[in-house]
Amino acid sequence: MLIKLSGEALGRAGLDPRALESISEQLCAAHRLAQIAVVIGGGNFIRGASLAGLDRVVADQMGMLATVLNGMALRYSLESKGIAVLLQSAIPVAYAAPLDPIEARRALAEKKLVIFAGGTGNPFVTTDTAAAIRASEIGAKVLLKATDVPGVYSADPKKNPKAKLYTELTLDEALEKRLHVMDLTALTICRDNKITIRVFDVFGPGNLEKAVRGEPIGTVVRP
C-alpha cells in the first residue's frame with residue numbers, strides 16, 4: 001500500500017524532531033505488516049501554491065525540493081531504526097535515486113520501504129496527484145492519506161460545526177460532490193486504477209498502524 005504523508009506530519013514549520021520520531025516509529029510498525037511506499041509532501045517548509053510574489057513555476061519547483069528535504073530526513077530516521085529504505089526523487093538530485101517504478105517494485109519485493117519525493121516533477125500538480133500516480137505505478141490497492149482531520153466531511157468542519165463525517169463513500173460520490181478527499185485529478189486516477197483511499201488522522205495514537213491493518217478508522221473511499 002502507499003501512504004501519502006503531508007509535510008506537516010514532520011513539523012508545523014520545518015522539521016520537528018519529535019514529530020519525525022513519532023512518524024518513523026509508526027512507519028516501522030506499519031512496515032512489519034505490509035509492503036509500504038510513502039509519498040511525502042513539503043508543506044512544513046514551502047507550499048508552492050501559496051507563495052505570493054513568485055512565479056508559480058518557480059514556487060512549485062521550490063515546493064518539490066522541500067519534499068526531498070523531508071524524504072532525506074525520513075530516510076535517515078528509518079534507517080537508524082534498522083529499516084532498509086529506497087528514496088527516489090522525480091526531480092534530479094544528488095541525494096536520492098532517480099524515479100524508477102520498476103526498481104521501486106523490486107525494492108518493495110525485497111522488503112524495503114520506498115519513499116517517493118519530488119512530487120510528479122512538474123509544476124501545477126499536487127503531491128496528492130503524485131501519490132495517486134505512484135500508487136498506480138507500484139500496483140498498490142490501497143492509498144492511505146494521512147492528514148490532521150478524522151476523515152472526509154461534507155463541508156469544512158472548522159467553518160460548519162454541522163458538517164457530516166462520512167465513514168464510507170465511493171470515488172464517484174466524492175467526485176460528484178467535490179468533497180475534499182484529494183484533488184480531482186488524484187481521485188480520477190484512483191477510480192480508473194481501482195485504488196481504495198482511506199483518509200484518517202495520523203496524529204492519533206497508533207492510527208497509522210490501525211489504518212494499515214484495515215481497522216475501521218477515518219473514511220474509506222472505494223472505487
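Sequence positions, counted from 1, serve as the residue numbers for this chain. Computation of the quantities below employed the complete heavy-atom set of this structure, encompassing side-chain atoms and omitting hydrogens, waters and symmetry-equivalent molecules.
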So do the side chains of [X] and [Y] get within less than 4.5 Å of each other, counting heavy atoms only?
X	Y	answer
E137	I133	yes
I91	Q61	no
V114	Q35	no

Salt bridge flag under 4.0 Å for residues [X] and [Y]:
X	Y	answer
E8	R47	yes
E173	R222	no
R106	D100	no

- Task: List in chain and number order the residues that pass salt bridge (charged side-chain N to carboxylate O under 4.0 Å, His left out) with D16, two or more places apart in sequence or in another chain; answer none if no residue qualifies.
- Result: R18
- Query: Can you check side-chain contact (heavy atoms from CB on, under 4.5 Å) on K210 and N207, steps first, answer last?
  - Reply: CA-CA 5 Å; K210 292 175 185 175; N207 277 0; 3.9 Å; yes
Main-chain N/O of [Y] paired to [X] side chain as donor or acceptor, under 3.5 Å:
X	Y	result
K4	L143	no
T67	M64	yes
T126	T129	yes
N44	A13	no

- Message: Which Ile, Leu, Val, Met, Phe, Trp or Tyr residues join L165 in one cluster when any pair of side-chain heavy atoms under 4.5 Å counts as a link?
- Response: Y153
- Item | Greater than 12 external heavy atoms within 6.0 Å of K111's NZ | no
- Item | Residue pair I3, V202: steps toward the side-chain contact (heavy atoms from CB on, under 4.5 Å) verdict | CA-CA 11 Å; I3 300 169; V202 74; over 6 Å; no
- Task: Test side-chain contact (heavy atoms from CB on, under 4.5 Å) on F116 and I138 and set out the steps.
- Result: CA-CA 11 Å; F116 294 113; I138 65 172; 3.9 Å; yes
- Task: May I ask you to check if R213 and F200 form a cation-pi contact, with NZ or CZ under 6.0 angstrom from the six-membered ring centre and within 45° of the axis?
- Result: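 No, R213 does not sit over the ring of F200.
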- Give the C-alpha distance, both sets of side-chain angles, the deciding distance and a yes or no for side-chain contact (heavy atoms from CB on, under 4.5 Å) between V57 and F124. CA-CA 7 Å; V57 173; F124 308 107; 3.8 Å; yes
